[in-house]
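Chain letters run A, B, ... following the sequence lines, proteins first, then strands; residues in each count from 1. In this text the structure is predicted, and so the values were computed from the model without any measurement.
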Protein chains: 2
Amino acid sequence: MPTDSTEMEAEELTPGAQRILEVASELFYRRGIHAVGVDTIAAESGVTKRTLYNRFGSKDNLLRIYLETKDRRWRELVVDRLSSEKGDPRARVLVPFTVLPEWLTESDRGCSFVNAFAELPERDHPGNRVIRAEKEWLRRFFHDRTVEAGAGERAASTLAVQLLALHEGAIVSNAIAEVPGTARAVTEAATALVDAALA
Amino acid sequence: MPTDSTEMEAEELTPGAQRILEVASELFYRRGIHAVGVDTIAAESGVTKRTLYNRFGSKDNLLRIYLETKDRRWRELVVDRLSSEKGDPRARVLVPFTVLPEWLTESDRGCSFVNAFAELPERDHPGNRVIRAEKEWLRRFFHDRTVEAGAGERAASTLAVQLLALHEGAIVSNAIAEVPGTARAVTEAATALVDAALA
DNA sequence: GAGTAGGTATACAGATCTGTATACGCAAGG
DNA sequence: CCTTGCGTATACAGATCTGTATACCTACTC
């Protein structure tokens with residue numbers, strides 16, 4: 001059983017397992033974790049429950065892999081866009097905001113990590129760890145790019161927290177408040193904060 | 001059975017019902033909605049399940065009242081503080097941020113409404129309506145106070161979305177990323193955005 | 001040609017969930 | 001006095017949940 005392998009990659013998955021992961025991702029995100037049973041996931045994936053347990057071992061493990069996969073996809077999106085923004089250091093800080101419009105097209109139910117966090121209170125749950133690592137990665141991203149843009153340590157730390165909050169809030173409030181133009185307005189705010197910090 | 005009364009107030013509740021609501025609020029917030037059963041709520045409230053159903057009718061209704069109560073408490077906190085900030089129009093815009101430190105002392109698991117939203121996907125669920133109404137109220141609060149401070153309609157609309165996102169993100173990322181000084185840093189950012197919009 | 005990997009099909013154990021049924025106790029107010 | 005409101009105590013119906021058991025099928029590989 002490959003389920004204890006932490007380095008399990010999506011490419012190593014069998015076709016059936018890949019379908020299970022895709023279906024589970026969609027259901028966990030759209031309906032919530034506890035609201036979705038393994039019977040439903042198996043049925044909608046077109047496999048038997050036995051196959052699901054043979055591939056993933058448990059619902060908790062499938063959940064962890066769902067979060068890890070989403071995390072990897074998010075980081076890759078940001079890092080990829082970063083490499084095409086080699087010139088302007090301020091634009092590099094803002095990459096998580098400039099990718100927001102395309103990221104939000106599949107995120108109309110809020111942030112996967114925030115939503116999962118609501119259902120995973122225990123800090124030692126593998127899923128909870130993935131979630132906190134993701135937020136820490138983004139905070140550090142803002143911090144490091146800000147330092148690279150020429151800011152001091154204190155300014156970079158403050159700006160990182162501000163941008164992290166603004167970014168989280170954009171995804172969440174876009175889904176709940178449903179105000180048109182949220183991504184654009186928030187990106188403008190982020191730009192203003194970056195310009196002020198680097199002035 | 002008083003359960004269908006929408007105007008049900010906490011003061012009208014029997015002592016037992018009040019205890020149930022307090023315990024349920026804590027458990028829903030800390031462990032999640034689906035993860036908490038009515039048996040647990042009844043047991044920790046020191047009442048029987050029969051009493052819970054006699055007072056609240058159903059778990060869904062208890063959940064709705066939990067959200068409505070939290071919503072009322074939040075609005076009252078903001079409105080109360082607003083009346084002691086009669087002078088400076090910019091300070092009035094920022095009231096939801098200045099009350100953040102005290103609000104966050106009991107909100108180390110993120111935003112109750114955002115967390116509940118993650119578990120209530122259906123738009124016509126009573127709880128879902130309460131959540132969206134709460135966010136819309138806060139957005140409108142920012143908008144109206146900004147207009148009162150002298151901004152035009154377009155500037156007020158943009159600023160309202162920005163402050164809403166920043167505010168949501170502050171509560172959420174404070175709980176997940178656990179960066180010290182989040183409230184202070186975010187309030188500084190909000191102040192800068194308000195000043196820029198009213199310049 | 002035998003073993004192995006991936007999968008189907010079905011049934012079931014054991015726990016937990018929401019909600020209800022039945023029967024009783026007690027105190028306050030008309 | 002006696003009804004009404006609030007609550008206890010216990011049992012249970014019916015659904016759903018995670019996870020396992022048993023038995024069989026198919027294709028590929030060594």
Side-chain angles (χ1 to χ4, degrees), chain A residues 1-5 8-24 27-28 30-67 116 119-122 125-127, chain B residues 1-5 8-24 27-28 30-67 116 119-122 125-127:
Chain A
M1 206 200 305
T3 56
D4 4 47
S5 161
M8 197 176 183
E9 299 290 325
E11 299 84 40
E12 302 172 8
L13 298 179
T14 64
Q18 209 146 7
R19 244 162 34 231
I20 293 170
L21 181 55
E22 285 166 16
V23 167
L27 292 179
F28 284 155
R30 306 228 96 83
R31 300 191 204 166
I33 296 165
H34 285 115
V36 172
V38 286
D39 296 87
T40 307
I41 297 172
E44 297 219 2
S45 307
V47 302
T48 60
K49 204 162 49 158
R50 200 74 192 81
T51 298
L52 188 151
Y53 276 94
N54 280 338
R55 295 299 107 218
F56 294 96
S58 71
K59 183 186 178 181
D60 260 18
N61 195 53
L62 174 58
L63 170 62
R64 193 206 73 204
I65 294 174
Y66 150 63
L67 290 170
E119 299 198 65
L120 300 176
E122 289 134 27
H125 189 291
Chain B
M1 205 203 305
T3 56
D4 3 48
S5 160
M8 198 175 183
E9 298 290 326
E11 299 84 40
E12 301 173 8
L13 297 179
T14 65
Q18 209 146 5
R19 245 161 36 231
I20 293 170
L21 182 54
E22 285 165 16
V23 167
L27 291 178
F28 283 155
R30 306 226 94 85
R31 301 190 203 165
I33 297 166
H34 284 116
V36 172
V38 286
D39 295 87
T40 306
I41 297 172
E44 298 219 2
S45 308
V47 302
T48 59
K49 204 162 51 158
R50 200 73 192 83
T51 298
L52 189 151
Y53 276 94
N54 280 338
R55 296 295 109 222
F56 294 96
S58 71
K59 183 186 178 181
D60 260 18
N61 195 53
L62 173 58
L63 170 63
R64 194 206 70 203
I65 294 173
Y66 151 62
L67 290 170
E119 299 198 67
L120 300 176
E122 289 134 28
H125 188 291

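Following rounding to the nearest Å, I41(B) (CD1) and dT16(C) (P) show an atom-to-atom distance of 16 Å. With rounding to whole Å, N61(A) atom CG is found 10 Å from dG19(D) atom P. Separating the OH atom of Y53(B) from the P atom of dA9(D) is a distance of 19 Å, rounded to the nearest angstrom. The CG-C1' distance, from L27(A) to dC17(D), rounds to 16 Å in whole Å. dT20(C) atom P lies 16 Å from atom CZ of F56(B), rounded to whole Å. The distance from atom NE2 of H34(A) to atom C1' of dT16(C) is 12 Å, rounded to the nearest whole Å. Between the CG atom of L63(B) and the C1' atom of dT18(C) there is a distance of 14 Å, rounded to whole Å. Straight-line distance from the CG atom of L52(B) to the P atom of dA9(D): 15 Å, rounded to whole Å.
Of the side-chain N and O atoms in T14(A), one or more sit less than 4.0 angstrom from OP1 or OP2 of dG7(C). At the phosphate of dT10(C), neither OP1 nor OP2 sits under 4.0 Å from any side-chain N or O atom of T48(A). Between T51(A) and dT8(C) there is a side-chain polar atom (N or O) within less than 4.0 angstrom of OP1 or OP2. Taking side-chain N and O atoms only, R50(A) has no distance below 4.0 Å to OP1 or OP2 of dA11(C).
L62(B) is listed as a side-chain neighbour of I41(B), based on a closest heavy-atom distance under 4.5 Å. At a threshold of 4.5 Å between non-hydrogen side-chain atoms, the residues T40(B) and R31(B) count as touching. Residues L120(B) and L63(B) form a side-chain contact, since some pair of their non-hydrogen atoms from C-beta on lies under 4.5 Å apart. Put simply, the side chain of N61(A) reaches to within 4.5 Å of the side chain of R64(A), judged on heavy atoms. In this structure the side chain of R55(A) reaches within 4.5 angstrom of the side chain of T14(A), judged on heavy atoms.
For the pair D39(A) and V36(B), both in contact range of DNA chain C, the more 5′-proximal nearest nucleotide belongs to D39(A). Where T40(A) and R19(B) each meet DNA chain D at their nearest nucleotide, the meeting point lying more 5' is that of R19(B).
Distance from the side chain of V38(A) is smallest to dT18(D) among dA9(C), dT18(D), dG6(C). Nearest nucleotide to the R55(B) side chain, out of dC6(D), dT8(D), dG7(C): dC6(D). Which of dT20(D), dT8(C), dC6(D) sits closest to the side chain of K49(A) comes down to dT20(D). Considering only side-chain atoms of K59(A), the nucleotide from dG19(C), dT8(C), dT18(D) that sits closest is dT18(D).
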